Protein chains: 4
Amino acid sequence: MGDRPSYDRKLLQILRDAAGVFAEKGYHRASIRDISAATDVSLSGLYYYFSSKEELLFLVQNHCFGTLLARLEEDLGQTTDPAARLRIVVRNHLHFFLDNMEEMKVLSHEADVLTGKYRETIQRRKRSYADTVHGILSELRPADGPDLRTATFALFGMMNWIYTWYNPDRDLRAEEMEEELLHLFLNGFLAPRNRRSDGEGGDSAPMEHSSIWRSG
Amino acid sequence: MGDRPSYDRKLLQILRDAAGVFAEKGYHRASIRDISAATDVSLSGLYYYFSSKEELLFLVQNHCFGTLLARLEEDLGQTTDPAARLRIVVRNHLHFFLDNMEEMKVLSHEADVLTGKYRETIQRRKRSYADTVHGILSELRPADGPDLRTATFALFGMMNWIYTWYNPDRDLRAEEMEEELLHLFLNGFLAPRNRRSDGEGGDSAPMEHSSIWRSG
Amino acid sequence: MGDRPSYDRKLLQILRDAAGVFAEKGYHRASIRDISAATDVSLSGLYYYFSSKEELLFLVQNHCFGTLLARLEEDLGQTTDPAARLRIVVRNHLHFFLDNMEEMKVLSHEADVLTGKYRETIQRRKRSYADTVHGILSELRPADGPDLRTATFALFGMMNWIYTWYNPDRDLRAEEMEEELLHLFLNGFLAPRNRRSDGEGGDSAPMEHSSIWRSG
Amino acid sequence: MGDRPSYDRKLLQILRDAAGVFAEKGYHRASIRDISAATDVSLSGLYYYFSSKEELLFLVQNHCFGTLLARLEEDLGQTTDPAARLRIVVRNHLHFFLDNMEEMKVLSHEADVLTGKYRETIQRRKRSYADTVHGILSELRPADGPDLRTATFALFGMMNWIYTWYNPDRDLRAEEMEEELLHLFLNGFLAPRNRRSDGEGGDSAPMEHSSIWRSG
DNA sequence: AATGAATGAGGGTTCATTCAT
DNA sequence: CATGAATGAACCCTCATTCAT
């Protein structure tokens with residue numbers, strides 16, 4: 001009675017396996033036949049669980065993002081202190097990212113693929129996530145602090161870029177990474193403006209540069 | 001070497017057009033027919049300029065990266081001061097990125113596509129670029145400063161992520177962006193360790209968190 | 001034979017619904033899933049009532065044709081006068097056709113689809129139907145009247161083509177249509193040969209025609 | 001120089017071969033692979049000549065119909081006498097039909113398949129053809145003659161139904177068929193109304209009929 | 001230096017059908 | 001009786017690539 005759980009469990013397993021395939025080969029190079037092999041479900045059998053390859057990608061991204069956001073909201077409920085909230089954001093994001101690197105790579109890397117309703121849904125959630133962080137930073141920002149939009153996306157860039165270089169055998173654990181990135185970002189974000197950003201004295205005369213700025 | 005210039009000029013135009021197509025649709029979704037339409041060269045005519053779609057991607061990436069690195073080297077020759085050199089790196093990267101967003105998006109986004117020799121060539125250059133920045137940061141790093149690998153890629157992440165959010169009508173010009181990111185990064189990177197990264201007092205007792213760290 | 005009636009009633013409903021789907025989309029474009037949706041019976045549940053899509057088509061056609069022929073035989077028993085019998089045929093065919101347009105469209109339009117025993121059964125009945133009409137016409141035919149086979153199928157053509165153009169809001173009721181077609185057919189069929197068929201004088205010199213008769 | 005003729009010739013051959021396949025198996029049961037086999041052109045090679053299976057059907061139908069109408073117009077230009085014009089219509093239609101039975105079967109039988117622009121184009125031409133015949137008949141029609149719409153489509157029905165029964169070894173040649181059908185139709189169409197259509201005396205009392213008219 | 005014509009391989013998707021329950 | 005879940009076969013179509021010209 002109530003077989004839905006069985007259906008759901010199988011769907012979740014398919015999403016996980018599919019994420020692995022998408023992460024490894026990229027969405028477009030991955031074929032449904034690859035998914036079939038990875039999931040041990042027949043090619044046509046897969047279509048019982050989703051109705052198109054694009055929907056599969058959406059399900060992967062949406063489930064992944066949904067879990068990320070659900071956990072974030074839960075933890076964000078604990079405090080209203082902006083610095084603590086920022087730490088929660090970074091901690092949540094990094095831990096989730098490193099624990100679910102394949103899904104998060106798919107979420108980060110295949111952002112442009114979705115169209116129509118699928119795209120809108122994911123984009124709305126991303127925007128809302130970014131707005132949350134933006135809001136936290138706006139509370140934290142010193143008088144003449146950095147441009148908020150730039151800072152927000154710089155933080156996301158630091159974190160989302162990880163899938164391109166992270167090597168678990170070589171790089172920091174999630175807790176250490178959290179410490180490093182928070183240190184890096186927060187000290188930069190909170191630093192007073194007149195302290196020269198290049199760490200030097202005042203003589204930052206515009207450097208000569210030859211051919212760099214011509215386009216192309 | 002009589003009409004090489006004509007050949008070269010046409011090839012460069014093809015690379016530019018192809019970069020536009022790759023940037024818009026992604027490498028895999030872009031077809032040679034799309035390139036043919038964008039370049040106004042017949043489908044088979046294109047194969048006079050490259051021998052496979054993969055080689056075309058390589059040429060796009062290699063030319064783009066080559067220009068970026070050539071300009072960097074030229075400007076880096078002006079000084080040995082690490083802070084000045086870091087500014088040069090960021091300035092060069094950002095200006096080039098914003099001036100050649102399509103090519104740079106292709107370079108950043110389609111990093112996994114290439115195989116064999118093509119892949120090696122690009123990866124070698126990327127590693128050498130990262131090593132340069134890593135070297136500069138190692139000269140700059142305070143006694144108990146951040147992990148160098150993490151910091152290096154955090155910097156690249158901040159910069160390379162730009163193509164996902166940058167809107168020329170809304171966001172900062174290259175010069176301002178340079179200032180913002182340098183400020184953000186350098187103050188974080190140089191900040192002394194004991195100054196708590198969360199900008200708060202000392203009581204950063206490990207926060208309670210409930211369900212966050214379970215994977216999946 | 002307790003609940004056979006229930007089985008039969010449900011089967012008949014399925015046949016009616018299936019006829020609607022086949023009529024609308026055509027046999028091949030209609031999927032069993034479409035039938036499932038139209039009947040509100042689950043996909044696999046349908047197979048309790050028929051063993052293949054082809055059998056379903058056969059059942060639809062056979063039941064439809066069976067009803068048509070049963071009614072025809074019943075009414076044909078009333079008289080041996082060939083003219084009256086022809087009227088009965090036309091009346092029966094037209095009324096049944098207009099009252100069961102969907103089924104009759106399927107019977108007319110999907111004649112080639114069936115194979116094997118199914119095909120033979122339907123074809124035998126169709127031949128027998130045509131033979132009946134052929135027999136009536138042979139009794140009616142004047143001395144140098146029209147070719148019987150041609151006339152028989154001309155009559156069927158007039159009637160069976162109806163599904164391609166009939167619009168209940170615009171076209172005649174069954175009774176009027178019966179009158180019109182009988183008038184049209186019978187006056188033509190009984191007309192003496194020497195009365196020129198083109199309604200003109202005798203000078204039907206073969207018309208000049210230029211390029212018409214080359215094939216292709 | 002001017003290879004278009006070669007391209008056109010090949011396309012026309014493909015249309016002919018495709019018509020044969022469509023006529024034999026029906027549009028939906030015919031696969032592009034079947035067309036490939038019949039034309040001796042590779043599966044993908046076919047798509048150089050059309051862009052979808054539906055377009056192929058359109059091209060077949062449109063070319064066939066176009067030829068039919070072109071010849072008709074040419075011959076219709078010869079006279080304004082309605083009876084002569086009707087004969088021209090029937091002659092043209094029957095000859096073309098019997099000479100190009102496969103194409104005409106596809107045109108008649110697969111009328112519902114096309115969608116969108118393709119459908120509109122064909123339907124427009126069909127309507128215009130029917131209007132032409134309708135116009136001729138309206139000139140010919142006696143005072144209380146048959147309903148024009150019914151008569152027009154009765155004529156088309158007689159002619160278009162042919163593909164379902166015609167056997168060249170057994171049935172009349174085009175010229176004879178023309179004579180028979182014209183005789184049949186014209187005498188019926190021109191016959192005065194009060195001459196009872198059943199060819200009998202006046203006693204056509206409404207016949208008794210039992211169960212015929214119940215629907216279903 | 002360039003192209004029209006052609007192709008093999010593979011891709012996403014649908015479908016009639018089955019079978020355990 | 002009825003269904004959810006699953007599948008093999010087939011289908012339409014696209015693509016990178018080639019080759020004669």
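Just the heavy atoms: all of them, side chains too, but no hydrogens, waters or symmetry mates, feed the values below. The sequence lines fix the lettering, A, B, ..., with proteins before strands; numbering per chain opens at 1. What you are looking at is a predicted structure, and each value in this text was computed from that prediction instead of being measured.
Among the nucleotides dT17(F), dA6(F), dC13(F), the one closest to the side chain of Lys53(D) is dC13(F). Closest contact between the side chain of Lys10(A) and the listed nucleotides dA6(F), dT13(E), dA6(E) involves dA6(F).
At a non-hydrogen distance threshold of 4.0 Å, Arg33(B), Val41(B), Ser42(B), Ser44(B), Gly45(B) from residues 33-45 of chain B come into contact with DNA chain E.
Nearest-nucleotide positions on DNA chain F for Arg29(B) and Ser51(B) put Arg29(B) closer to the 5' end.
Between Tyr49(C) and dA2(F) there is a side-chain N or O to OP1 or OP2 distance below 4.0 Å.
Taking Ser42(B) as the reference, Ser44(B) meet the side-chain contact (heavy atoms from CB on, under 4.5 Å) condition, with sequence neighbours excluded. The side-chain contact (heavy atoms from CB on, under 4.5 Å) search around Tyr47(B) returns Ile32(B), not counting sequence neighbours. With sequence neighbours excluded, the residues satisfying ring pair (Phe, Tyr, Trp, His ring centres under 6.0 Å) with His109(A) are Tyr163(A), His109(B). When the side-chain hydrogen bond (donor to acceptor under 3.5 Å, both in side chains) test is applied to Lys10(D), no partner is found at least two apart in sequence or on another chain. Residues satisfying the side-chain contact (heavy atoms from CB on, under 4.5 Å) test with Arg9(C), not counting sequence neighbours, are Pro5(C). In this view, Gln123(A) and Arg119(A), Arg127(A) satisfy the side-chain contact (heavy atoms from CB on, under 4.5 Å) rule, not counting sequence neighbours. Qualifying side-chain hydrogen bond (donor to acceptor under 3.5 Å, both in side chains) partners for Thr39(A), counting only residues two or more places apart in sequence or in other chains: none.
At whole-Å resolution of the value, OH in Tyr7(C) and P in dC1(F) are 9 Å apart. As rounded to whole Å, 15 Å separates atom C1' of dA10(F) from atom NE2 of His28(D). Rounded to whole Å, the distance from CG on Leu11(B) to C1' on dA2(E) is 16 Å. Rounding to whole angstrom units, NZ of residue Lys25(A) and C1' of dG10(E) are separated by 12 Å. Rounded to whole angstrom, the span from the CG atom of Leu46(D) across to the P atom of dC15(F) amounts to 17 Å. Summarising the geometry, the separation between CD on Glu55(A) and P on dT13(E) is reported as 10 Å, rounded to the nearest angstrom. What separates CD1 of Ile32(C) from P of dA9(F) is a distance of 20 Å, to the nearest Å. For the pair Leu56(A) CG and dT13(E) P, the computed distance is 10 Å after rounding to whole Å.
Tyr47(D) comes within 4.0 angstrom of a nucleotide base, judged by non-hydrogen atoms across all strands. Phe50(C) comes within 4.0 angstrom of nothing in the nucleic acid, heavy atoms only.
Side-chain atoms of Tyr27(A) and Glu54(A), non-hydrogen and from C-beta on, do get closer than 4.5 Å to each other.
Counting only Watson-Crick or G-U wobble pairs whose defining distances are both under 3.5 Å, the stems of 3 or more consecutive pairs in DNA chain F are E:2-21 with F:2-21.
Salt-bridge annotation for Asp112(B) and Arg29(A): absent, with no side-chain N of the basic residue lying under 4.0 Å from a carboxylate O of the acidic one.
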